[in-house]
2 protein chains.
Amino acid sequence: MSVDNIPKIVISRLPVYLRALNRMVQNSQLVTSSHELGKALGISSAQIRKDLSHFGEFGKQGTGYQVEFLITQLRQILNLDREWEVAVIGSGDIGHAITRYQGFADRGFRVTAIFDSDPSKVGTKINGLEVQPADDIIKVLRERNIQIAMLAIPAEYAQSATDTIVEAGVRAILSYAPISLNVPDHVKVRYIDPVTHLQSMTFYLSTEDDLLTQPL
Amino acid sequence: MSVDNIPKIVISRLPVYLRALNRMVQNSQLVTSSHELGKALGISSAQIRKDLSHFGEFGKQGTGYQVEFLITQLRQILNLDREWEVAVIGSGDIGHAITRYQGFADRGFRVTAIFDSDPSKVGTKINGLEVQPADDIIKVLRERNIQIAMLAIPAEYAQSATDTIVEAGVRAILSYAPISLNVPDHVKVRYIDPVTHLQSMTFYLSTEDDLLTQPL
DNA sequence: AAGCATATGTGAAATATTTCTCAAACTGTA
DNA sequence: TACAGTTTGAGAAATATTTCACATATGCTT
C-alpha cells in the first residue's frame, strides 16, 4: 500500500469498479468479492485486489467487501465526495446530448454552464440551462471556479478553445473533438472519439463476408 | 515484424496515428517523421516506430514517412479500405447525435440503420434515416449483414439488446451504456462512458479550491 | 565525392503491469 | 472447540510494454 505514484491505469479502473458496485447496491446486494466483481467486469480477481491494495485494506478475509463501504472509499479516493461543476463548450448535437444526459447527476458531476460562439444559439435553453456566448467563457469559468470542461466542438476550433478554458483555470478536459490537444502539464485530458474505437475493432473483423459476395 | 499476436494496445494506437496523418494531409504535408508525429500526439518516437514495425517497413531512413503512403498502409491494416455499415440501437439524445455525426463518413463508417423500441419514435427520420422498430433488429441486421452496432440505450436494457444484436451476427459493439456487457469471445466491445473518464481525472484534482472558500 | 545531419528499424535493457501463490483471517457448522 | 470452506493482501514470478542505443541508410551541402 503506497500512497502516491499510483499507476494511471489503476486509477482508470477504479471508476469501472465503482460503476459495478453501484449497480450491486441498486440490486440490494450488501457484500461482494473480488472474484464476483471480476467476473462481472471480465477482469481477474487478483487485479482487483492488487488495485485496491494501493489505497488500503477494504475487505475482510473469508467474507469479501461490504459494497456500500467500498463505494464510500472509492468515492473518497477519486475525490467524488463532493459535486463537480462542469462546463460544456459547444451546443451542437454532442453538446446538446451531453447537457441533457441524466447520467452525471448521481455520479458526482453537474453541467452548470454551456457556451457557443454561434449567436443564433446563444440565449436558447437546453435542459433549463441558457447557452452563453463563447466570449464569456473566461469570465464565467473564473467567477464560478469551474475546473472541468467537456469540449464538443469541431476539431478545427478545439485547440484554441482549449487554450481559452485552460487560461480560465480548467484543469480537466474531456474532449469529443477528434484531435490531440496540447495542454500544460497540470491539465488532464481524456478523449472520446467513437471512430477510433470502431477502427480498433475492424482490425479484428476479417472480411469473411467476401464469401457471401462471391459468384455462385 | 511479426504478423499475428499484435498487442491489443498497439492496435488501439493505430487509429490515433491515422487521425493525425489525415490532419497532415489536409494541411498539404507530404512527409513526416516518427519524431514529429510523436510530438503531435504526446507519444515517444520510439513507440511509434516499434508499433509500425509489427506490420512492415513503411519509412525511409533519413527522410521519414510519406504521409499518404502511411495512411494507405494503416487503412489496409485496420481493414478500413472498405466502408463498414453501422447500426445504431436507440434513438434518444445519444443515438440521435451519433446518427447525425458527420465524422464517420470519411473514416470508414456509415450509419445505415437505427432502431428504437418506442413506437412514438419509430417512423421518424433522423438525418434522412427512418427509425425502425426494435423488433426488426434481427431481421434487418441479418439481411444487410451488418456487423457493427453502436448501443445508445439505458443500462437496464443494454444486456438484452446486446444478446439480440449478437444473435443477429454483430461482431463489434461500441456501447454508450454505462454497464459492462457480457458477450461471446468472437465479439469485440468498446465502451464510451464520459463519467468514468471524468472520474479518472478528479483523482488528480486535489481540492485546492478549499483555499478560496476559507474565511478572510 | 566526402562529410554532416537526420531518421528508420530493431535487438537489448529497463519499466510497468498482471498473474501466481499462499499464509493468515473470517464464517459457518458440527 | 475443531474443522472445512472462503477470501483477502502481498511478495515473488511471469508477462507485457516502453525506452534505449546504435548500425545502417538517405538527403543535402560543399
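- With rounding to whole Å, B/F58 atom CZ is found 19 Å from D/dT26 atom C1'.
- Here the OH atom belonging to A/Y65 is positioned 9.5 Å from the OG1 atom belonging to A/T32, to the nearest 0.5 angstrom.
- Counting to the nearest Å, the C1' atom of C/dT17 and the CD1 atom of A/I11 are 14 Å from each other.
- Rounding to the nearest 0.5 angstrom, the gap separating the CG atom in B/D163 from the CD atom in B/E167 is 8.5 Å.
- In this structure, A/R13 reaches the C/dT18 phosphate: one of its side-chain N or O atoms is under 4.0 Å from OP1 or OP2.
- Phosphate contact (OP1/OP2 of C/dT18, side-chain N/O of A/S44, threshold under 4.0 Å): absent.
- Between the CZ atom of A/F55 and the P atom of D/dA10 there is a distance of 13 Å, rounded to whole Å.
- Remark: P of C/dA16 and CG of A/N5 are 9 Å apart, rounded to the nearest angstrom.
- Within a 6.0 Å sphere centred on OH of A/Y157, heavy atoms belonging to other residues, nucleotides or ligands number 12 at most.
- Using a 4.0 Å heavy-atom cutoff across all strands shown, B/L52 reaches no nucleic acid atom at all.
- To the nearest 0.5 Å, atoms CD1 (A/I179) and CG (B/N22) are separated by 12.0 Å.
- Atom pair A/R49:CZ and C/dT21:P shows a separation of 13 Å (rounding to whole Å applied).
- Nearer the 5' end of DNA chain D, as judged by each residue's closest nucleotide, is the contact made by A/Q61, out of A/K50 and A/Q61.
- Summary of the strand contacts: B/Q47 and A/S34 both lie near DNA chain D, and taking for each the nucleotide with the nearest heavy atom, the more 5' one is attributed to A/S34.
- Checking A/I9 against A/G62, the closest nucleotide of DNA chain C that is more toward the 5' end is the one next to A/I9.
- Straight-line distance from the CD1 atom of B/I6 to the P atom of D/dT18: 14 Å, rounded to whole Å.
- Close to C/dG9, at under 4.0 Å from its OP1 or OP2, lies a side-chain N or O of B/Y65.
- Checking D/dG9, D/dT19, C/dC26 against every side-chain atom of A/E57, the shortest atom distance belongs to D/dG9.
- In this structure, NE2 of B/H35 is placed 16 Å from P of C/dG9, rounded to the nearest angstrom.
- In this structure, B/I48 places its CD1 atom 16 Å from C1' of D/dC20, rounding to the nearest Å.
- One distance of note links CD1 of A/I153 with OG1 of A/T162; it measures 6.5 Å at 0.5 Å rounding.
- Each of A/K8 and A/T63 was matched to the nucleotide of DNA chain C holding its nearest heavy atom; the match closer to the 5' end belongs to A/K8.
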